[in-house]
K.L.:
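What follows is a single structure, and I will ask about it in a moment.
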Amino acid sequence: MFDFLIQGFGVALSPLNLGLAFLGALLGTLFGALPGIGPINGIAILMPLAYTLGLPAESALILLAGIYTGSEYGGRMSSILLNVPGDAGAVMTTLDGHPLAKKGLAGPALGLSAVSSFVGATIAILGLTLFAPLLAEVAVMFGPAEFFALMVFAFASMSVMMGKDPTKTAIGAVLGVLIGTVGIDSGTGVLRYTFGMPELYDGIDFVVMIIGLFAISEILLMLEHANRKDSDGDIPPLGRVFISLKEVLYCKGAMLRSGLIGFIIGVLPGTGASVAGAVSYTTEKRLSDKEGTFGTGDMRGLAAPEAANNAAAAGSFVPMLTLGIPGSGTTAVLLGALMLYNITPGPMMFSERPEVAGGLIASLYIGNLVLLALNLPLAGVFARVLTIPRWVLVPGIAILAFVGVYQLHSDLTAIYLMLIIGVFGYLLRKLGFSLAPVILGYVLGGLMEQNLRRALSISGGDVEILWRSGISLGLWIAAAALLVLPWLLPKLLSKLQPSGKPLEQVEDD
């Protein structure tokens, strides 16, 4: 394990990769600070540029992973200063972060957020270092049937835990699977959903898909809300940003507990930072809120979701690197980046491409230190990003999106397809659908189909192979339990409800 980590640091400490880790952390913080941009849009825009520049796979992944973790740091700024979450994972930060800013503690709130993010990410990166190689050794024993059952579990987990409406989440995942089937069937050579267009024979390219779905739809939303005032006031004065040791020690329990919770939730496929933030905040509130100060500007209420968000971001690399299953929407995009380089994520990557897996894990340690060093003294500089007007921001994102796709394909058809997908993504967002399940379905659908075909080919068409082994049977049972739980739990709670006690209190208990 330690030999593997030493080899990774040998890759991550090269001058090129050190510079890319710093650049990724810087750009990620900027992307995260802008409301609505977030890590997925940042990675979607820069991924084709990194590929066309000819960066090695490990270097490109270090850059994109730096953007991911940096966005989790940056997303707290608009939440604390403007009461506008930078992304879904920063929603819980607004509950105590913005009240602290209103009390004149905007600087200390940003400082505490940076320290909490550092602690949570460190816990998760240590967990990633310890458990990823071990899980990879177990995953080597997985056959096509086990991987198919794992995909089913991932879809079940995503449907229950991602988004407010499980039905819409499931529909979004199915739409993603359908989009992923466009093109020539690799097994039979049959054309699927090409409508006689030769441009679709190779399917819908991953870069076109993510830039259209996220960046273009975000541009359309920005144009729609061009005249709307998002925040409830101007940016408050920051004052001091560095926090005292006493304030850090006051929140140490919240940071450590939430970092562990965030890592565990991040490892589960299809959950991500938004679930981790909500669970950690409610847990910490029940454990620590004896005076009823959570929601009015309690530092522990800020530290908990910030530690959990960053821990979940690092934890989501575990299923991606070891099983080839994205732990979140952002790692689904990173998984697609690996596929651009013809690298198959999964347990064999640790032995076949150790420079990629080891370099990425080592770069997370370096990037975490860089982010803390950037975000404490330069919080005031990053806060100025929030004042960038939309008439500058929208054209800038559009130029990067169009240039990125055209550089990769040199074909106007890809541009038109990107715009069509962008309008489709915009309509989904207007209807209340989350786009993360769509991209997860797009990525997982092809892998699921491949493993299903391999399993049935091995068994001669006997479907019992899909649940014959103990591992696959356990995954099927876990998936069924996840799908049944949301409907079964309310009925169970109503039967357990004591007389005279409100059902909401029983649910809390």
Side-chain angles (χ1 to χ4, degrees), residues 28-29 32 38-39 68-80 85-98 100 109-128 131 157-158 160-164 243 247-248 250-289 294-295 298-319 327-331 364 367-368 371-372 375 436:
T29 305
Y68 181 19
T69 54
S71 294
E72 297 297 333
Y73 271 74
R76 76 197 197 284
M77 292 186 183
S78 59
S79 301
I80 293 171
D87 54 38
V91 171
M92 304 306 293
T93 303
T94 61
L95 299 180
D96 281 280
H98 192 60
L100 282 169
L110 289 174
L112 176 63
S113 173
V115 173
S116 302
S117 299
F118 175 79
V119 172
T122 301
I123 292 171
I125 297 169
L126 288 171
L128 173 64
F131 293 114
S157 175
M158 183 200 324
V160 174
M161 297 185 181
M162 183 179 285
K164 297 179 179 179
I243 58 173
E247 290 168 327
V248 173
Y250 177 66
C251 301
K252 68 179 186 303
M255 294 181 196
L256 296 173
R257 282 189 293 267
S258 299
L260 184 59
I261 290 171
F263 173 69
I264 294 171
I265 292 176
V267 170
L268 296 174
T271 51
S274 56
V275 176
V279 172
S280 65
Y281 184 86
T282 53
T283 301
E284 196 59 36
K285 184 176 181 180
R286 293 180 189 183
L287 291 175
S288 305
D289 191 18
F294 274 54
D298 192 307
M299 284 193 165
R300 295 167 298 179
L302 171 63
E306 283 301 293
N309 290 347
N310 287 268
S316 64
F317 283 103
V318 174
S328 64
T330 310
T331 48
L364 293 176
N368 202 29
L371 284 166
L372 183 65
N375 279 268

K.L.:
Do Thr122 and Asn368 have side-chain atoms, one donor and one acceptor, less than 3.5 Å apart?
P.N.:
yes
K.L.:
Which heavy-atom pair separates Ile125 from Leu364 by the least distance, and what is that distance?
P.N.:
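For Ile125 versus Leu364, the nearest heavy atoms are CD1-O, 3.4 Å.
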K.L.:
What is the minimum heavy-atom distance between Gly70 and Leu371, and which atoms define it?
P.N.:
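Where Gly70 meets Leu371 most closely, the heavy atoms are CA-CD2, 3.6 Å.
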K.L.:
Can you see which heavy atom on Ser280 is nearest to which on Ala308, and at what distance?
P.N.:
OG-CB, 3.2 Å
K.L.:
Identify the heavy atoms of Ala109 and Leu302 that sit nearest to each other, and give their distance.
P.N.:
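So the minimum-distance heavy-atom pair works out to O-CD2, 3.3 Å.
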K.L.:
Would you name the heavy atoms of Ala254 and Arg300 that are closest together and state the gap between them?
P.N.:
CB-O, 4.1 Å
K.L.:
Can you check side-chain contact (heavy atoms from CB on, under 4.5 Å) on Val318 and Phe263, steps first, answer last?
P.N.:
CA-CA 10 Å; Val318 174; Phe263 173 69; 4.1 Å; yes
K.L.:
Please enumerate all residues that pass side chain to side chain donor-acceptor pair (under 3.5 Å) together with Ser117, with sequence neighbours excluded.
P.N.:
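So Ser117 forms a side chain to side chain donor-acceptor pair (under 3.5 Å) with Glu306, Asn310.
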K.L.:
When you measure from the side chain of Ser116 to the backbone N and O of Ala307, does any donor-acceptor pair fall under 3.5 Å?
P.N.:
no
K.L.:
Set out, in order, the CA-CA distance, both residues' side-chain angles and the distance that settles side-chain contact (heavy atoms from CB on, under 4.5 Å) for Ser113 and Ile80, then state yes or no.
P.N.:
CA-CA 9 Å; Ser113 173; Ile80 293 171; 4.1 Å; yes
K.L.:
Apply side-chain contact (heavy atoms from CB on, under 4.5 Å) to Thr282 and Phe294, showing your working.
P.N.:
CA-CA 10 Å; Thr282 53; Phe294 274 54; over 6 Å; no
K.L.:
Nearest 0.5 Å please: distance from the CZ atom of Phe317 over to the OG1 atom of Thr330.
P.N.:
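Atom-to-atom, Phe317:CZ and Thr330:OG1 are 8.5 Å apart.
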K.L.:
Which pair of non-hydrogen atoms, one from Pro305 and one from Tyr281, has the smallest distance, and what is that distance?
P.N.:
CD-CD1, 4.1 Å
K.L.:
Can you check side-chain contact (heavy atoms from CB on, under 4.5 Å) on Val248 and Val119, steps first, answer last?
P.N.:
CA-CA 11 Å; Val248 173; Val119 172; over 6 Å; no
K.L.:
Charged N to carboxylate O under 4.0 angstrom, Glu284 versus Arg257?
P.N.:
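Judged by the 4.0 Å cut-off on N to carboxylate O distance, Glu284 and Arg257 do form a salt bridge.
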